[in-house]
Each structure stands twice: as structure tokens, then as C-alpha cells.
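Quick caveat, the model's predicted, so the values are computed rather than measured. Numbering of ligands and ligand atoms starts at 1, following listing order.
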Amino acid sequence: MTQTSATPDTDGAHLVVEALKRNGVSTIYGLVGIPITDLARLAQAEGIRFLGFRHESAAGHAAAAAGFLTGRPGVCMTVSGPGFLNGLVALANATTNCFPMIQIAGSSDRAIVDLGRGDYEELDQLAVAKTLAKAAYRVNRAADVGLAVARAIRTATSGRPGGVYLDIPAAVLSEVIDGDVGAASLRTVVDPAPRQYPSDAAVDRAVALLSGAERPLVVLGKGAAYSRSEGSIRRFVEATGVPFLPMSMAKGLLPDDHPQSVAAARSLAMRQADVVMLVGARLNWLLAHGDAPRWNPEAQFIQVEIDPTELDSNQTIAAPLVGDIASVMEAVNRHPGTARIAVPPSWRDRLAEKAAANKAALSARLAVDTDPMGFYPALRAIRDVLADHPDVHLVNEGANTLDHTRNVIDMPLPRHRLDSGTWGVMGVGLGYAVAATVETGGPVVAIEGDSAFGFSGMEMETICRYGLPVTVVIFNNGGIYRGDEADPASPDPAPTRLLQSTRYHVLAESFGATGYLATNPAELGSALSAAIASRTPTLINCVIDPTDGTESGHLTDLNPVLNGARR
Ligand code: FYN
Ligand code: ADP
Ligand code: MG
């Protein structure tokens with residue numbers, strides 16, 4: 001073949017790697033197979049770290065967590081058809097949680113797929129992804145790879161972040177084009193998430209509302225954590241004295257032991273606040289949609305939000321502050337009226353009193369040792385160890401395991417808690433854990449219900465293969481919610497039952513991790529201390545009383561109760 005330029009020819013796969021590198025992508029979370037195996041090899045050879053998983057869902061969750069932790073889209077790479085579909089839960093979850101992520105999948109021959117002729121792993125992936133992602137694009141020519149990657153990065157990161165799907169047919173990966181044409185087609189995204197300031201009038205309106213409040217409240221959501229604006233949020237909260245309520249993944253944005261935190265007086269704060277400033281938090285199910293009786297029906301809402309279509313989705317937003325949180329909070333802090341916002345001491349005292357009572361009640365529960373060990377004494381042991389390790393990233397999923405851990409374990413630092421999030425999803429655990437340590441270099445502790453662990457448990461091998469400093473603690477109560485449901489009138493176990501006799505620690509040892517069995521708080525505490533200090537893969541099988549646990553944790557009310565279903 002005659003060379004048309006001085007540069008050697010290139011192909012779609014090389015351009016994908018170049019385009020990602022040029023835009024600062026340093027890690028890909030994926031699982032290889034047809035048609036992306038060489039693409040992964042190439043990425044690795046070119047200095048992009050490729051972390052290979054055992055299931056695409058876990059790889060995708062890792063990419064999503066990377067997006068949340070870094071503010072840049074995490075990249076997941078999957079094969080076509082079923083592998084693509086396995087990754088989609090994570091892409092949809094990233095979109096629901098507003099985390100920037102890109103899923104790149106290879107795909108089969110368009111000419112065959114589009115006529116339904118039955119190709120290998122045939123699926124109209126683009127059409128499927130469109131319904132679940134923030135956006136979905138297909139690259140039809142190798143010369144468009146640079147544009148496609150840039151567009152995916154821009155879409156995933158700007159405005160409300162979310163998941164973007166990039167479909168690359170096998171034929172495009174191997175399409176050879178002139179090297180100069182290829183190089184010229186690459187692009188670097190400039191300022192992927194530009195600042196967006198609110199108007200002066202919008203700031204005036206919000207500050208006026210807060211100034212007239214008798215019982216103001218700030219609700220901090222994971223959007224605030226994502227925006228990395230803890231500095232300006234803290235300045236606002238401390239200058240005004242307004243109490244704040246952290247949503248689950250906003251715990252630590254301001255430290256949980258901050259005197260203005262009303263996490264421990266959640267219901268009272270919601271029920272009585274008269275002006276509520278939502279900062280990167282949605283009035284969705286996690287906030288009872290802003291409805292009475294959980295909320296004061298007279299409450300007026302201020303919402304700091306990047307996506308204007310979120311406003312009024314549940315309650316009327318009296319003072320919208322549309323923009324990125326960092327810019328909005330700077331504008332609010334600069335406003336002369338902010339210095340005049342004052343919180344009546346009676347409101348602060350009422351909340352403080354309730355928080356103290358709830359904390360005392362929780363302390364009492366934590367102090368009682370039971371045999372077998374319950375959730376609370378187990379969490380006491382974990383809390384005491386983690387208090388000495390503020391740098392630990394905490395991953396948490398399950399039902400009771402999620403709810404109890406969230407309320408017992410204080411977070412001292414922003415973006416150090418990763419959990420089931422807006423979708424209440426199970427299966428994020430080990431993927432989130434991998435990303436948390438890969439992206440930060442720090443140690444991770446994943447506190448997992450025994451059921452929750454099952455969704456991504458095989459990634460223990462991944463953690464061992466890469467030698468990651470991850471400690472998985474399984475709260476093993478032998479079931480979903482609890483492990484003692486009476487056997488039904490069927491020869492099979494009850495739907496909620498799991499085998500509590502499972503030796504999860506031995507399973508982990510088979511991959512090369514250190515395994516511990518813990519049946520009391522002392523064993524648990526010493527195992528966890530040793531695990532964190534070792535900075536090596538560890539799994540602690542923490543056996544919990546099978547009678548401890550409530551159906552659906554704190555979400556019991558969401559369960560339809562059917563006649564004749566329970567014995
Ligand atoms: C909170 N609380 C505390 C503390 N933190 N007391 C003492 N100390 C501390 N540190 C109090 C809080 O004020 C509440 O008391 C109570 O604990 C319960 O708080 P919680 O858990 O926030 O409960 P609430 O209000 O019911 O919250 C609803 C929720 C939450 C939906 C936001 O349950 C949640 O995030 N759930 C996610 C569930 C999920 O996704 N599960 C996965 C699938 S499970 P009062 O103020 O006195 O009320 C499938 O079945
Ligand atoms: P939580 O579950 O913690 O309440 P949500 O995920 O419901 O948090 O809400 C996060 C909100 O933050 C979303 O509505 C999202 O659009 C918004 N958001 C995300 N990033 C930013 C940002 N940089 N600036 C402003 N709003 C943001
Ligand atoms: Mg369980």
C-alpha cells in the first residue's frame with residue numbers, strides 16, 4: 001500500500017486510546033472479550049491502566065465511583081451484547097446518581113444486526129442505551145473517534161453529570177485510516193464543566209428568604225460533595241449559623257461532628273424548618289418528596305441546582321439558584337445580605353436537644369453486647385477503629401447494614417462515603433471499593449450485608465489480583481434483612497434466607513486475601529485494625545445474630561404487605 005503521509009497509518013482502536021489519553025483518562029475499568037481485547041491491550045501498552053473485572057456491572061460501578069470521586073468521567077469498557085447489557089446497570093445508576101461516566105462497548109456488524117440476521121452477540125446496543133443513559137452515541141467511522149470521545153466527555157461532565165454510552169462497532173476499531181488524518185481528528189475538551197453563575201436577582205431572592213426565616217435549614221446532597229465546594233459551603237454555614245442536614249453521601253462534606261449538623265435530629269429538622277436551602281440534593285423519595293407530614297407544609301424551598309428542570313419537580317421552588325454549586329455559594333457568600341442572616345437560638349436549641357436525645361439513645365444501643373453479636377455492637381467496634389483512620393473510604397450497601405452504618409459511622413472528610421445512593425442499588429460494593437483506592441491511593445473499608453456482598457463478591461479476586469488495600473466486612477446474619485424466617489410450607493428455604501454457615505473468609509483466602517472470622521466486637525475490632533494496617537486485601541466474616549434485622553431496614557413502609565404471604 002502506498003503511504004499517503006509521513007505518519008504511519010492508524011486505526012480506530014489506536015485513535016480511541018489516543019483520544020482518551022489526550023483527555024486525561026488514565027484508567028479504564030473493564031472486562032475483555034470480542035471485540036475489545038486488543039483495544040484493552042493497546043490501552044495498557046500506551047500507559048492507560050486497565051483494571052480487569054469479573055463482571056461488567058462491577059467494572060461499570062467502579063467507573064461511576066471514579067467519576068464521583070474525581071469529577072472526571074470514569075471509563076468502563078465492555079464487550080458487545082450481553083457484556084454491554086451487564087454494564088448498563090452501572091451506566092443507568094451513574095445517570096440516576098448524577099456521576100459522570102462513559103461506557104465504551106464494542107458492537108457487532110451493523111449490516112447484519114440492523115436486518116436481524118443473527119450476528120454474534122447481536123443487539124441494537126445504541127437503541128437500548130438511549131433509554132438508560134444521559135446520552136448515547138455511535139462512532140461509524142474511525143475518523144470520528146476523536147469527536148465522539150470529546151462529545152462523550154463533554155456530555156458526561158457538563159450540566160448535570162451522568163452516564164454516556166459510546167458504541168464502537170468492531171469494524172470501526174479495525175478500520176485503517178491515514179495517520180495524519182487520524183491525528184488531526186483528535187480533540188481535547190476545553191473546560192469540560194464550565195462555571196455557571198446565578199443572576200443577581202436570584203441571589204437577592206434567596207438571601208431575602210433566608211433573612212426572614214425563623215427556622216432555616218440547609219440540606220447538603222451528594223451533588224454538593226461532587227462539586228467539591230466544601231470550602232464555600234462551610235463559610236456559608238458557619239457565617240450564618242444555619243443548621244445543616246447531610247444526605248448519605250454528603251456525610252463528611254462538613255464533618256459529621258460539626259456542631260451545626262442536625263443529622264441526628266433529621267425528622268424534627270424536616271418537620272419544622274420554614275426555609276429550606278437544598279444544595280445539590282433532590283426532593284426525591286430520600287427526602288419524602290418535600291411532602292407533609294414529613295415536612296412543614298408551609299416550608300419555602302431554595303434550591304441550588306445545575307439542572308433547571310429539576311426545580312419544581314416536587315415542591316414549588318420559591319428561590320431557584322441555578323448554577324454550579326461552587327459559583328452559587330460564592331455569590332451567596334459575597335452578597336451583603338448574607339451577613340445579616342441570623343438563626344434564632346430557640347431553633348438551634350430545639351434541634352440540639354433532639355440530636356442529643358437521639359445520640360444518647362443510639363449510644364445506649366451501641367453499648368449493649370449481645371450473644372450472638374447484633375448489628376450495633378459490631379458497628380461500635382468498627383466505629384472505634386475507623387475513628388483512628390479518617391483517610392479510609394467507606395463503601396456501604398445492604399438494608400439494615402446500610403441504614404445502621406450510615407447513622408453510626410461518622411464521616412470526617414468529604415467524598416469518603418460511597419453507598420447504594422439514589423437507586424437503593426445492590427452490587428456497587430466491590431466495584432466502588434476498587435475505584436476508591438485506585439483513584440485516591442487510600443485504604444478502603446466496605447461494609448456489606450451478606451446478600452449485598454453476593455452481587456459483586458467475585459471481585460474479591462480482582463482486589464487480590466491487583467493487591468488493593470481493601471477490607472471487606474460482611475455483616476453475615478444469614479439472610480436478606482434477617483436470617484431466621486420460618487421455613488415456608490414448601491421444601492425450599494424462605495425467599496429471604498441465605499446460608500449463614502458460608503465461610504466467606506475462606507472464600508477470600510482462596511483468592512489470596514487474608515480472611516478473619518469475627519463473632520464478637522473484640523475479634524472484629526482487632527481484625528479490622530490489622531486489616532487496615534496491612535494495606536492488603538482482607539475479608540472479615542462478621543457473624544451477626546440472625547434475628548437482628550428489620551424487613552427492608554428503614555424502608556419498611558415501602559413494602560406492600562400481602563395477605564397470606566407471611567407465616
Ligand atoms: C441519624 N440519626 C441519628 C444519627 N444519625 N441518631 C443518633 N446519632 C446519629 N449519628 C437518627 C435520625 O435523626 C432519625 O431519627 C433516625 O436516626 C433514622 O434516620 P435515617 O436512617 O436517616 O432514617 P429516615 O429519616 O427514615 O431516613 C430515610 C432515608 C434513609 C430514606 C433517607 O432510610 C435512607 O437513606 N435509606 C436508604 C435505604 C436504601 O437505599 N436501602 C437499600 C435497599 S433496602 P429521627 O430524627 O428521630 O427520626 C431494600 O429493601
Ligand atoms: P442526594 O441523594 O445526596 O440528595 P441527589 O443525587 O439527589 O443527592 O442530588 C444531587 C443534585 O446535585 C442533582 O440534582 C444534580 O443535578 C446536582 N448537581 C450535581 N453536580 C452539581 C454542581 N456542580 N452544581 C450544582 N448542582 C449539581
Ligand atoms: Mg443479611
Side-chain angles (χ1 to χ4, degrees), residues 71 96-100 159-162 193 195-196 219-229 245-251 256-257 261-271 278-288 294 303-307 309-311 313 321-329 354-363 365-366 375 397-404 406-410 419-426 448-453 474-483 496 498 500 544 546 548-549 551-559:
T96 303
N97 282 295
C98 316
F99 300 160
R160 169 181 284 179
R195 306 284 301 251
Q196 286 174 246
V219 177
L220 300 176
K222 60 181 167 303
Y226 173 78
S227 75
R228 311 180 94 84
S229 38
L245 177 66
M247 299 298 287
S248 188
M249 282 180 60
K251 281 168 70 79
D256 272 333
D257 64 0
S261 168
V262 293
R266 187 176 199 267
S267 295
L268 180 74
M270 286 164 55
R271 202 166 54 242
L278 300 158
V279 184
R282 287 170 282 184
L283 279 177
N284 55 17
W285 68 281
L286 289 156
L287 284 172
R294 293 297 312 263
Q303 188 158 20
V304 183
E305 172 58 52
I306 203 151
D307 178 2
T309 68
E310 177 61 33
L311 307 168
S313 58
L321 283 169
V322 175
D324 70 280
I325 292 166
S327 304
V328 172
M329 293 312 296
K354 178 65 183 165
N358 275 352
K359 282 183 188 173
L362 184 60
S363 295
R365 261 177 263 142
L366 288 166
F375 281 106
E397 61 177 338
N400 292 281
T401 302
L402 176 77
D403 288 330
H404 293 322
R406 182 181 62 246
N407 293 342
V408 172
I409 308 289
D410 279 355
D419 66 26
S420 301
T422 306
W423 244 13
V425 68
M426 296 298 119
E448 302 273 307
D450 51 346
S451 167
F453 172 76
I474 299 181
F475 277 1
N476 176 7
N477 66 350
I480 297 174
Y481 312 134
R482 51 194 289 156
T496 58
L498 299 169
Q500 195 182 26
I544 300 280
D548 200 5
E551 184 116 341
S552 300
H554 293 191
L555 303 181
T556 302
D557 292 354
L558 295 184
N559 269 309

Tell me the contacting part of Met247 for ligand 2: side chain, backbone, both, or neither, using a 4.0 Å heavy-atom threshold, strictly below.
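It is the side chain that gets close, since no backbone atom is under 4.0 Å.
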How does Leu287 reach ligand 2, if at all, at less than 4.0 Å between non-hydrogen atoms: by side chain, backbone, both, or neither?
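Answer for Leu287: neither.
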Show which atoms of ligand 2 fall inside a sub-4.0 Å distance from at least one heavy-atom site of [X].
| X | value |
| --- | --- |
| Gly323 | 24 (N), 25 (C) |
| Tyr226 | 20 (N) |
| Ser227 | 23 (N) |
| Asp324 | 24 (N), 25 (C) |
| Arg160 | 13 (C), 14 (O), 15 (C), 16 (O) |
| Cys98 | 13 (C), 15 (C) |
| Asn284 | 7 (O) |

Can you report which non-hydrogen protein atom sits closest to [atom], along with the distance?
| atom | result |
| --- | --- |
| atom 25 (C) of ligand 2 | Ile325 CG1, 3.2 Å |
| atom 3 (C) of ligand 1 | Ala264 CA, 3.6 Å |
| atom 8 (N) of ligand 1 | Leu362 CD2, 3.4 Å |
| atom 49 (C) of ligand 1 | Tyr481 OH, 3.5 Å |
| atom 5 (P) of ligand 2 | Arg282 NE, 3.3 Å |
| atom 14 (O) of ligand 2 | Glu305 OE1, 2.6 Å |
| atom 24 (P) of ligand 1 | Arg266 NH1, 3.7 Å |
| atom 9 (O) of ligand 2 | Gly280 O, 3.2 Å |
| atom 12 (C) of ligand 1 | Ala263 O, 3.6 Å |
| atom 16 (C) of ligand 1 | Asn407 ND2, 4.3 Å |
| atom 39 (C) of ligand 1 | Leu402 CD2, 3.4 Å |
| atom 48 (O) of ligand 1 | Ser267 OG, 2.4 Å |
| atom 2 (O) of ligand 2 | Lys222 NZ, 2.7 Å |

If the Mg ion (ligand 3) is the vertex, what is the angle to OD1 of Asn477 and OD1 of Asp450, rounded to 10 degrees?
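Taking the Mg ion (ligand 3) as the apex, the two atoms subtend 100°.
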Any side-chain donor paired with an acceptor under 3.5 Å for [X] and [Y]?
| X | Y | result |
| --- | --- | --- |
| Asn97 | Thr422 | yes |
| Ser267 | Arg294 | yes |
| Arg195 | Ser327 | yes |

How many angstroms lie between [atom1] in [X] and [atom2] in [Y], if you round to the nearest 0.5 Å?
| X | Y | atom1 | atom2 | value |
| --- | --- | --- | --- | --- |
| Leu278 | Leu321 | CG | CG | 10.5 Å |
| Cys98 | Glu305 | SG | CD | 7.5 Å |
| Ser229 | Asp324 | OG | CG | 7.5 Å |
| Ser248 | Lys222 | OG | NZ | 8.5 Å |
| Glu397 | Leu402 | CD | CG | 8.5 Å |

Ligand 1 versus [X]: contacting region, heavy-atom distance under 4.0 Å:
| X | value |
| --- | --- |
| Asp403 | side chain |
| Ser248 | neither |
| Lys354 | side chain |
| Asp256 | neither |
| Leu287 | neither |

With heavy-atom distances below 4.5 Å as the criterion, would you say the side chains of [X] and [Y] are in contact?
| X | Y | value |
| --- | --- | --- |
| Glu448 | Thr401 | no |
| Ser451 | Tyr481 | no |
| Arg282 | Leu287 | no |
| Ile306 | Gln196 | yes |
| Asp548 | Asn477 | no |
| Asn476 | Ile544 | no |
| Arg482 | Thr496 | no |
| Trp285 | Leu555 | yes |

Could you establish whether [X] and ligand 1 come within less than 4.0 Å of each other, counting only heavy atoms on the residue side?
| X | value |
| --- | --- |
| Arg294 | yes |
| Gly398 | yes |
| Met247 | no |

Aromatic plane relationship, His404 with Phe375 - under 30° parallel, 30 to 60° tilted, over 60° perpendicular
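Aromatic pair Phe375/His404 classed tilted.
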Looking only at distance, does [X] have an N or O less than 3.5 Å from an N or O of ligand 1?
| X | value |
| --- | --- |
| Arg406 | yes |
| Ser420 | no |
| Trp285 | no |

Out of Pro100, Ala193, Gly223, who gets a non-hydrogen atom closest to atom 19 (C) of ligand 2?
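It is Gly223 whose heavy atom sits nearest to atom 19 (C) of ligand 2.
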Considering only NZ, NE, NH1 and NH2 on the basic side and carboxylate oxygens on the acidic side, decide whether Glu310 and Arg160 come within less than 4.0 Å.
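The answer is yes: the pair qualifies as a salt bridge.
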Closer than 2.8 Å to the Mg ion (ligand 3), do we get an N, O or S atom from Gly398, backbone or side chain?
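Checking Gly398: none of its N, O or S atoms is under 2.8 Å.
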Identified side chain to side chain donor-acceptor pair (under 3.5 Å) partner of Ser552 from the options Asn559, Asn400, Asp403, Asp557
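So, applying the side chain to side chain donor-acceptor pair (under 3.5 Å) to Ser552 and each of Asn559, Asn400, Asp403, Asp557, only Asn559 qualifies.
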Ile306 to ligand 2: N or O pair under 3.5 Å?
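So ligand 2 has an N or O lying under 3.5 Å from an N or O of Ile306.
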